Number of protein chains: 2
Amino acid sequence: MSVAFDQILLVPGYRKVAAIIAERILSRELREGERLPSETELARQFGVNRSTVREALRELESGGLLERRPGSKLMTVSRPQHRAVAKDVSRALALHDVTFFEVWEALTQLEPPMAEIAARNRSQADLDSLTVVCQRFAEQNTETEKAVHHAAEFFRCVGRATHNQVLGLAQEPLLHLLGPSLRVMIDKVPQARARIAAAQRRMLEAIAKQDAEAARGWMAKHIRDFRKGYEVADIALDCRIA
Amino acid sequence: MSVAFDQILLVPGYRKVAAIIAERILSRELREGERLPSETELARQFGVNRSTVREALRELESGGLLERRPGSKLMTVSRPQHRAVAKDVSRALALHDVTFFEVWEALTQLEPPMAEIAARNRSQADLDSLTVVCQRFAEQNTETEKAVHHAAEFFRCVGRATHNQVLGLAQEPLLHLLGPSLRVMIDKVPQARARIAAAQRRMLEAIAKQDAEAARGWMAKHIRDFRKGYEVADIALDCRIA
DNA sequence: GCTGGCCGGATTGTCGGACAATCATACGAT
DNA sequence: ATCGTATGATTGTCCGACAATCCGGCCAGC
C-alpha cells in the first residue's frame, strides 16, 4: 500500500512576492497608472530584502504588469499592451519550429473572419487609420523592411477595427511571424508588392462600405495570394521560419 | 528651427544581459535542455555582479526561455510551453475589461475551423486523448471546477489535433478566459453539462470519422449553445469577465 | 554489477550594506 | 511665469556573506 505524497514545493520568496503583487493588480486594488511603493518600502512591508523585491519586480515587469514611463524610473502599474505580451508568444513559436505552412494556415482561418467583423464594426477612426496605413504601404514599399512592417500594420488595423480585443490579441503572434515569413519571399516575387497594395485597397473599400462579405472575400484572396507567393519564390512550405 | 533628437535610452544592465542570453537561445546556440552556466560564472563572463545576472534570469524565466526541472535548482534552456506564455496573455486581457461577448465571438470564429482541421489531421494518438478527455468530462462534471477544466481541456485536445502550433497557441488565451466565462454560467443552466457532453461526443465521432464538415458543424453548434447558456442564465454579454 | 548511504563541492536563495547616477520636487532668482 | 538650483528619494549596480540544498562521485554491502 503506497501512500501518495504531494510534491512539496518550496516557492522562492521572489516568486511569492511577485504573486502577491500580481494578485493585487489583477484584483484592481492597484489601479492602472498608480505608482508602486519604492523598493525599499516594499522590502520593509514584505519583510524581505530589497534584492528579493527587485527580482520579483523583474518578473512582473516582463509580464507587462509593471512598466515605467519612458525616461522615468518610477514603476507604475500598467495594463499590458498587446505587443508586449505577444512578443513572448512569437518567441515561443519560433523556438517550436513553426513552419510557413502553419502560419499560412492560421492566417487562412483567422483573417477572413476578422475582415468580416471589422467591416461590420469599424468606426470612422478605424477607417482613417486603415486609409493611412494602406497609403503608406503603397508609397513606401521599396525598402523591404518598411514594406513588411506596413503589411503587418494593415492587419493590425483590421484587428483593431473588429473592436474585439480577444481577436486582436489572438492574431498578434501571427503578425510577429508574418514579418519573417514575408521577408524571405517578397523580394523574390516581383509582383508581390503590387498584389498586396491592390488587395489592401479592395479590403479598404469593402470595409469602408461595410460590405462584410466582400471584405472577407478579398481577405481570403489576399491570403491565397500570399501562398502563391511562396510557390513562385519556390520556398518549401514545410520550412521552418528563421 | 527645432532639431529632433532621438530619445537616448540607457538600457539597464540586467536587461542587456537578458537580451544577450535570449538571443543566444533564439539562435539555438544554447539548445533546449542544455543547462546554463552558474550565476557566478555568468557574472564573471559578462563582467557584472551576480545580482544583475539574477535579475536578468528572472526576466528570462518568466518569459519561458529558462526553466528548472521540478525539484532541481539547475536552470536549463527550455522551449516555452504554450500554457506558460498564454498565462500572461490572458492576464493582459482580463485587465483590459474583456467581455463575455468578445470571448464568445472569438470562439465562434476560431473554433469551428479548428475542429475542421483537427478532423483532417488528427492522428490516432489525438483521437485517444480526445476520447479520454471526453469521457472524463462525462464522468466528472458535478464539481464545477472539474467540469470547467475538462471542458477547456477538450478544446485544447482539438487544438493539438490540428497539428498546427500557431492555431493551438492562438486559442490558448481564449481557453484561459473560457474558465471564468463558464464558471459563472454552468451552475445556473441545468442542462448545460448534458449539452456539453453531447456536443463533445458528436465532435469526437466526427473527428474520428475524419468528417471535417460535421466536426465544424457540431463545433459551431456547441459554441452557439454556449451563448444560449448566457441567455438562459440571464447574464449580460457585455459584462466584463471577472 | 547494482543498490544504497555518505560526503565534499557547487549552486541557489536570501541577506545586509554600500554608493553613484538619476529623478522628483520644492525653492529661489530672473 | 519661466528658468536654474539644491535637496531628498529612488533606482541600478556592486560587494561580501551564509544557510539550504543539490550534484556527483566515492564507498560499503548484497
Side-chain angles (χ1 to χ4, degrees), chain A residues 2 5-22 24-25 30 32-78, chain B residues 2-3 5-22 24-25 30-78:
Chain A
S2 77
F5 286 99
D6 285 342
Q7 189 170 24
I8 78 170
L9 52 145
L10 23 149
V11 182
Y14 61 82
R15 208 178 282 264
K16 285 188 200 165
V17 171
I20 293 176
I21 297 179
R24 288 284 176 89
I25 295 178
L30 292 168
E32 187 195 354
E34 200 168 331
R35 66 155 304 186
L36 216 59
S38 72
E39 296 172 353
T40 313
E41 174 61 17
L42 286 174
R44 197 190 58 75
Q45 290 188 24
F46 284 108
V48 299
N49 191 272
R50 191 162 79 98
S51 308
T52 306
V53 170
R54 282 181 64 81
E55 293 188 37
L57 294 184
R58 292 298 86 78
E59 208 161 300
L60 296 168
E61 196 181 11
S62 81
L65 261 49
L66 296 179
E67 71 173 359
R68 70 188 85 234
R69 303 249 164 65
S72 168
K73 30 178 36 172
L74 274 62
M75 285 272 230
T76 61
V77 176
S78 76
Chain B
S2 77
V3 181
F5 286 99
D6 285 343
Q7 190 170 22
I8 85 171
L9 50 144
L10 27 147
V11 182
Y14 62 82
R15 208 178 282 264
K16 285 188 201 168
V17 171
I20 293 176
I21 298 179
R24 288 284 176 88
I25 295 178
L30 291 168
R31 277 166 306 179
E32 188 195 354
E34 198 167 333
R35 66 155 304 188
L36 216 58
S38 73
E39 296 173 354
T40 313
E41 174 61 16
L42 286 173
R44 198 190 58 74
Q45 290 188 25
F46 284 109
V48 299
N49 191 272
R50 190 162 79 99
S51 308
T52 305
V53 169
R54 282 181 63 82
E55 293 187 35
L57 293 184
R58 292 298 86 76
E59 209 162 302
L60 296 167
E61 195 181 15
S62 78
L65 261 50
L66 296 179
E67 70 172 1
R68 71 188 81 236
R69 303 248 169 63
S72 167
K73 29 177 41 171
L74 273 60
M75 285 272 226
T76 60
V77 176
S78 76

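Only a predicted model underlies this, so the values are computations on that prediction, with no experimental measurement involved. In what follows, every chain begins at residue 1, and chains take the letters A, B, ... in the order their sequences are listed.
- Annotation: the span from B:R58 atom CZ to B:L66 atom CG amounts to 9.0 Å, rounded to 0.5 Å.
- In this structure, the side chain to side chain contact (heavy atoms under 4.5 Å, CB included) partners of B:S62, at least two apart in sequence or on a different chain, are A:E59, A:S62.
- Closest to the side chain of B:R35, out of D:dT10, D:dG12, C:dT11, is C:dT11.
- The separation between B:R58 atom CZ and C:dT12 atom C1' is 9 Å, rounded to whole Å.
- Straight-line distance from the CG atom of A:L36 to the P atom of D:dA9: 18 Å, rounded to whole Å.
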Scan nucleotides 13-15 of chain D against the protein and return all N/O pairs shorter than 3.5 Å with their distances rounded to 0.1 Å.
residue, atom, partner, partner atom, Å
D:dT13, OP1, B:G13, N, 2.1
D:dT13, OP2, B:G13, N, 3.3
D:dT13, OP2, B:Y14, N, 3.4
D:dT13, O4, A:R50, NH2, 3.0
D:dC14, OP2, B:N49, N, 2.7
D:dC14, OP2, B:T52, OG1, 2.8
D:dC15, OP2, B:N49, ND2, 3.3

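- Partner of B:L60 under the side-chain contact (heavy atoms from CB on, under 4.5 Å) criterion, out of B:I21, B:V17, B:L36: B:I21 alone.
- A:Q45 is linked by a side chain to side chain contact (heavy atoms under 4.5 Å, CB included) to A:E41, counting only residues two or more places apart in sequence or in another chain.
- Checked against salt bridge (charged side-chain N to carboxylate O under 4.0 Å, His left out), B:R54 has the following partners two or more places apart in sequence or in another chain: A:E55, B:E39.
- In this structure, B:E61 pairs ionically with A:R15, as a charged nitrogen and a carboxylate oxygen lie closer than 4.0 Å.
- One atom, CG of B:L42, and another, P of C:dA10, lie 17 Å apart when rounded to the nearest Å.
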